[in-house]
Amino acid sequence: MQNYLEFNFKIKPVQPWSDILMAELIEIGFDSFTEEHDGILAYIQKEFFSENELKTLDLLNNPEVEIFYTSQEMPNINWNEEWEKNFSPIIVEDKVSIRAEFHEAKNLPFEIIIQPKMSFGTGHHATTYLMIQQMLDMDFKGKTVLDMGCGTSVLAIFAKMSGAAETLGIDIDEWSVENSIENAARNNVDFKVELGTADNLGKESFDIILANINRNILISDIPIYVKNLNENGELLLSGLCFFDVDDILEVCNAENLKLTKKIQREEWVSLLLEK
């Protein structure tokens, strides 16, 4: 077991800022979260923590929100036990269930069983929900698919269940790559998983690209996605707060992408675009 640091963040107001803070913390190495009524508990392996990276987070210097934190070392924490206490199933449109093995099975058309190596914050629940909701109306049969920032690979798994052909998942986190391979086997689907970023993409092309990441990475990487997206291909994005949409669409418009569908859940947004 790894030695972890626990950070107790007090946030005022809690929403939408707790989910946004989790997204920023993930970018600097935090990998697990527990929601509190007045903020979040966030965890990072001690060897990966940088005080400077934490103090320079945009949100900690945002005048619209007050954030205070304390920290302590948490040696030998049992992460399986931690996420089991906090992870609850996601049910999308009464058609798709995303659950762990110990949750009760639902009689739905699609059931995705995962065992994540990190706990889910509500933002991840909401953005995953939005992505699956959009995917329900998309045609994956025989399509080549990229799941960028795949995490637990829920999206890649659902794409394969929906008839996708060659599918690739890419994530910057070694845990996510290992977890994706395990989850693929758990759901009896097969796809390739790589450790890396959008820089991994060479001349590969895809009919559909899925990217549930965050604003800054999307702004940086959308031009790369477009280069690797087939003509008339679809780019499905989430990980966005409502106030990120204009900035994202500015980049998409510059790449001649056409917005075909936008949906929102709480403060989170998903955009479907066509090349």
Side-chain angles (χ1 to χ4, degrees), residues 92-93 95-96 110 112 127-172 176-177 180 183-184 187 189-240 244-265 268-275:
V92 183
E93 301 289 299
K95 294 179 181 178
V96 184
F110 297 96
I112 301 171
T127 58
T128 300
Y129 186 105
L130 287 170
M131 293 291 284
I132 296 291
Q133 186 180 9
Q134 293 262 43
M135 291 170 71
L136 280 166
D137 294 328
M138 296 169 64
D139 179 13
F140 283 87
K141 292 183 176 61
K143 302 288 182 68
T144 53
V145 177
L146 168 65
D147 183 0
M148 195 68 231
C150 58
T152 57
S153 280
V154 165
L155 304 182
I157 290 167
F158 185 56
K160 291 295 290 186
M161 288 180 171
S162 301
E166 292 292 321
T167 297
L168 171 65
I170 298 177
D171 202 283
I172 199 169
S176 293
V177 172
S180 292
N183 287 332
N187 289 275
V189 296
D190 182 47
F191 54 89
K192 186 179 178 183
V193 188
E194 293 180 0
L195 178 68
T197 66
D199 292 337
N200 286 42
L201 301 174
K203 296 183 179 180
E204 296 173 273
S205 61
F206 303 91
D207 299 311
I208 297 173
I209 296 178
L210 312 168
N212 182 16
I213 312 181
N214 66 55
R215 172 191 180 278
N216 292 338
I217 292 179
L218 291 176
I219 286 175
S220 171
D221 289 353
I222 283 171
I224 301 175
Y225 302 156
V226 173
K227 289 179 182 177
N228 293 85
L229 188 63
N230 291 331
E231 200 63 34
N232 300 315
E234 294 177 297
L235 174 62
L236 180 59
L237 308 176
S238 193
L240 305 169
D244 295 323
V245 171
D246 288 345
D247 291 337
I248 294 295
L249 288 181
E250 183 178 348
V251 178
C252 292
N253 291 335
E255 296 295 330
N256 296 313
L257 292 171
K258 177 185 176 183
L259 178 65
T260 58
K261 190 175 180 182
K262 170 187 169 184
I263 59 175
Q264 183 167 340
R265 184 176 177 84
W268 299 94
V269 175
S270 173
L271 305 174
L272 179 61
L273 303 112
E274 185 176 319
K275 183 174 179 180

Handout entry: Residue pair Leu272 / Met138, side-chain heavy-atom distance below 4.5 Å
Key =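 Answer yes - side chains close enough.
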Handout entry: Side-chain heavy atoms of Asn187 within contact of Lys160, under 4.5 Å
Key =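 When only atoms from C-beta onward are counted, Lys160 and Asn187 do not touch, as no gap falls below 4.5 Å.
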Problem - All salt bridge (Lys or Arg N to Asp or Glu O under 4.0 Å) counterparts of Lys192, not counting sequence neighbours - result: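 Listed in chain order: Glu194.
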Practice task
Can you sort out the partners of Asp221 under salt bridge (Lys or Arg N to Asp or Glu O under 4.0 Å), two or more places apart, ordered by chain and number?
Solution key: none
Handout entry: Stepwise side-chain contact (heavy atoms from CB on, under 4.5 Å) test for Ile132 and Val154
Key = CA-CA 9 Å; Ile132 296 291; Val154 165; 4.1 Å; yes
Contacts of [X] that satisfy side chain to side chain contact (heavy atoms under 4.5 Å, CB included) - sequence neighbours left out:
X      : result
Gln264 : Phe242, Val269
Glu255 : Ile222, Pro223, Val226, Leu257
Thr197 : Ile172, Asp199, Asn200

Residues two or more places apart in sequence or in another chain: which of them pass side chain to side chain donor-acceptor pair (under 3.5 Å) with [X]?
X      : answer
Asn228 : none
Asp137 : Lys261
Ser238 : none
Asp139 : none

Contact summary for [X] and [Y], nearest pair of heavy atoms:
X      : Y      : answer
Leu249 : Leu273 : CD2-CD2, 4.2 Å
Thr167 : Ala164 : OG1-CB, 3.7 Å
Asp147 : Ser153 : OD2-CA, 3.9 Å
Gly149 : Asp171 : C-OD2, 3.3 Å

Handout entry: Under the ring-ring contact (aromatic ring centres under 6.0 Å, His included) test, residues paired with Phe158 that sit two or more places apart
Key =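 For Phe158 the ring-ring contact (aromatic ring centres under 6.0 Å, His included) partners, ignoring immediate neighbours, are Phe110.
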From [X] atom [atom1] to [Y] atom [atom2], the distance as rounded to the nearest 0.5 Å:
X      : Y      : atom1 : atom2 : answer
Asp244 : Ile219 : CG    : CD1   : 7.0 Å
Ile157 : Ser162 : CD1   : OG    : 11.5 Å
Leu168 : Leu146 : CG    : CG    : 5.5 Å
Lys227 : Lys275 : NZ    : NZ    : 10.5 Å
Asn230 : Asp207 : CG    : CG    : 5.0 Å
Asn232 : Glu234 : CG    : CD    : 9.5 Å

Practice task
Scan residues 212-234 for pairs that pass ring pair (Phe, Tyr, Trp, His ring centres under 6.0 Å), counting only residues two or more places apart or in two chains.
Solution key: none
Exercise for the section: Provide the full list of ring pair (Phe, Tyr, Trp, His ring centres under 6.0 Å) pairs with a residue in residues 191-216, sequence neighbours left out, each pair given once. Expected result: none
Exercise for the section: Dump the intermediate steps for side chain to side chain donor-acceptor pair (under 3.5 Å) on Gln134 and Ser270, then the final yes or no. Expected result: CA-CA 8 Å; Gln134 293 262 43; Ser270 173; 3.2 Å; yes
Handout entry: Sidechain-backbone polar pair: Ser180 side chain, Ser176 backbone, donor-acceptor under 3.5 Å
Key = yes
Exercise for the section: Could you tell me whether a side-chain N or O of Thr152 sits under 3.5 Å from a main-chain N or O of Cys150, the two making a donor and an acceptor? Expected result: no
Problem - Heavy-atom neighbours of Glu250 CD exceed 12 at 6.0 Å - result: no
Handout entry: Leu240 and its side-chain contact (heavy atoms from CB on, under 4.5 Å) partner, picked from Thr127, Leu218, Asn212
Key =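 Result for side-chain contact (heavy atoms from CB on, under 4.5 Å) with Leu240: Leu218.
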Practice task
Give the C-alpha distance, both sets of side-chain angles, the deciding distance and a yes or no for side-chain contact (heavy atoms from CB on, under 4.5 Å) between Leu210 and Met135.
Solution key: CA-CA 9 Å; Leu210 312 168; Met135 291 170 71; 3.9 Å; yes
Practice task
For side-chain contact (heavy atoms from CB on, under 4.5 Å), just list the numbers for Leu271 and Leu259, CA-CA rounded to whole Å, side-chain angles, deciding distance to a tenth of an Å, and then say yes or no.
Solution key: CA-CA 7 Å; Leu271 305 174; Leu259 178 65; 4.0 Å; yes
